2 protein chains.
Amino acid sequence: MNTASKSLKKPSCPKKLIASRDALDAIQGKWRVPIIITLSFGDKRFGEIRKDIEDISPKMLSQELKELERNQLISRKIYDTMPVTVEYSLTTLGRSLEKLLEELTEWGVHFRKTVIGKKGERVG
Amino acid sequence: MNTASKSLKKPSCPKKLIASRDALDAIQGKWRVPIIITLSFGDKRFGEIRKDIEDISPKMLSQELKELERNQLISRKIYDTMPVTVEYSLTTLGRSLEKLLEELTEWGVHFRKTVIGKKGERVG
DNA sequence: TACTTTTACTTTCTAAAAGTAACTTGTTAC
DNA sequence: GTAACAAGTTACTTTTAGAAAGTAAAAGTA
């Protein structure tokens, strides 16, 4: 055993890892963050969210809305109109993500400037 | 057409949606954030990261490290020791995620307190 | 010489998740 | 009775993730 290479332990902070995993479990995937962002601009109906997030399928939207509701990030209200209207809105917990999402989008802009924009691929 | 329901457009801010998608493309999935967090505590070798993130398989770790390197979030250094040593470290771009990850873990703690901790399931 | 250990992966195979296209339900308009 | 609209659901296919085992190179051990 090489003493020099193993004498200093590098801590990994399991608490941080657990917290990040908890957060990721809630907002992970391709669609949840976009859904939360569109809802941050106002309550929306199923069809309106579909129009905002152009490439989401009704199956995925339905599935992700259910999961977000289960985790208490959004709430669902049914109006007895003809045809029926269903409106989704952010809960207090959902709105508590706004600062994080602000950071995320800011970093996304930075990332596009420094990495995505500088290679031939992925400019889309 | 119902004039009342459609007179006020709810903006969706496509710029924000694109930026969030760019960011998510880079850090999305179950493993990338944990990898970046462990590396924020110091440069680490393949085996060390495996020990920190207990349930990651070598295949997924290898795959995600490659993707993180491709997106310039981490860098990889090979040392000509016996047996070979490979060390991974965060780049400047990778370190620029720290504020975002701080927000993420803080929110994760809040989420566990208010949601995960209050139901029988998912206490793990 | 042959076997074992270590580090850093890769390969193969199976299971889970995501995506696609068409279908359902209830009601009103034509 | 046919079409349209809102909000989904169902069946099927493809993609991605995960588990188990294998590989490579070099040094150490018997």
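Note that the coordinates shown come from a computational prediction; the quantities given were computed from them, not determined experimentally. Letters go in sequence order (proteins before strands), and every chain restarts at 1.
Judged by distance alone, the side chain of B:R112 and the main-chain N or O of A:D22 form no donor-acceptor pair under 3.5 Å.
Taking atom CD on A:Q63 and atom P on C:dA16, their separation rounds to 15 Å, with Å as the unit. Rounded to whole angstrom, the span from the CG atom of A:D25 across to the P atom of C:dA17 amounts to 12 Å. For the pair A:Q28 CD and C:dA16 C1', the computed distance is 13 Å after rounding to whole Å. The interatomic distance linking A:L61 (CG) with D:dT9 (C1') rounds to 13 Å, in whole Å. Spacing between atom OH of B:Y79 and atom C1' of C:dA8 amounts to 16 Å, rounded to whole angstrom units. Taking atom CD1 on A:I53 and atom P on C:dG19, their separation rounds to 12 Å, with Å as the unit. Spacing between atom CZ of B:R45 and atom P of C:dC9 amounts to 12 Å, rounded to whole angstrom units. Going from atom CE of A:M60 over to atom C1' of D:dT10 covers 15 Å, rounded to whole Å.
B:T85 comes within 4.0 angstrom of the backbone, heavy atoms only, and of no base. Within the nucleic acid shown, A:Y88 comes within 4.0 Å of sugar-phosphate atoms alone, with no base atom in reach, counting heavy atoms only. Residue A:K30 is classed as a sugar-phosphate contact, given heavy-atom separations below 4.0 Å to backbone atoms only.
Proximity of A:S62 to the phosphate of D:dT9: a side-chain N or O atom is located under 4.0 Å from OP1 or OP2. Residue A:W31 places at least one side-chain N or O under 4.0 Å from the OP1 or OP2 atom of C:dG19. In this structure, B:S57 does not reach the D:dA17 phosphate: none of its side-chain N or O atoms is under 4.0 Å from OP1 or OP2. Distances shorter than 4.0 Å separate some side-chain N or O of B:K66 from OP1 or OP2 on C:dT10. Contact annotation: B:R76 reaches the phosphate of C:dC9 (side-chain N/O to OP1 or OP2, under 4.0 Å).
Atoms CG and CD1, on B:L104 and A:I27 in that order, are 5.5 Å from each other to the nearest 0.5 Å. Distance CD1/B:I56 to CH2/B:W31: 5.0 Å, rounded to 0.5 Å.
Between A:G29 and A:P58, the residue whose closest nucleotide on DNA chain C is further toward the 5' end is A:G29. Mapping A:P83 and A:R50 onto DNA chain D by nearest heavy atom places A:P83 at the nucleotide closer to the 5' end.
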Give the intermediate values and the outcome of side chain to side chain donor-acceptor pair (under 3.5 Å) for residues A:S75 and A:S89. CA-CA 5 Å; A:S75 65; A:S89 53; 3.1 Å; yes

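Remark: A:R76 pairs with A:Y88 by the side-chain hydrogen bond (donor to acceptor under 3.5 Å, both in side chains) rule, at least two apart or across chains.
Across all strands shown, C:dT6 forms a Watson-Crick or G-U wobble pair, both distances under 3.5 Å, with D:dA25.
Residue A:M82 has its side chain nearest to C:dT28 when only D:dA6, C:dT28, C:dC9 are considered.
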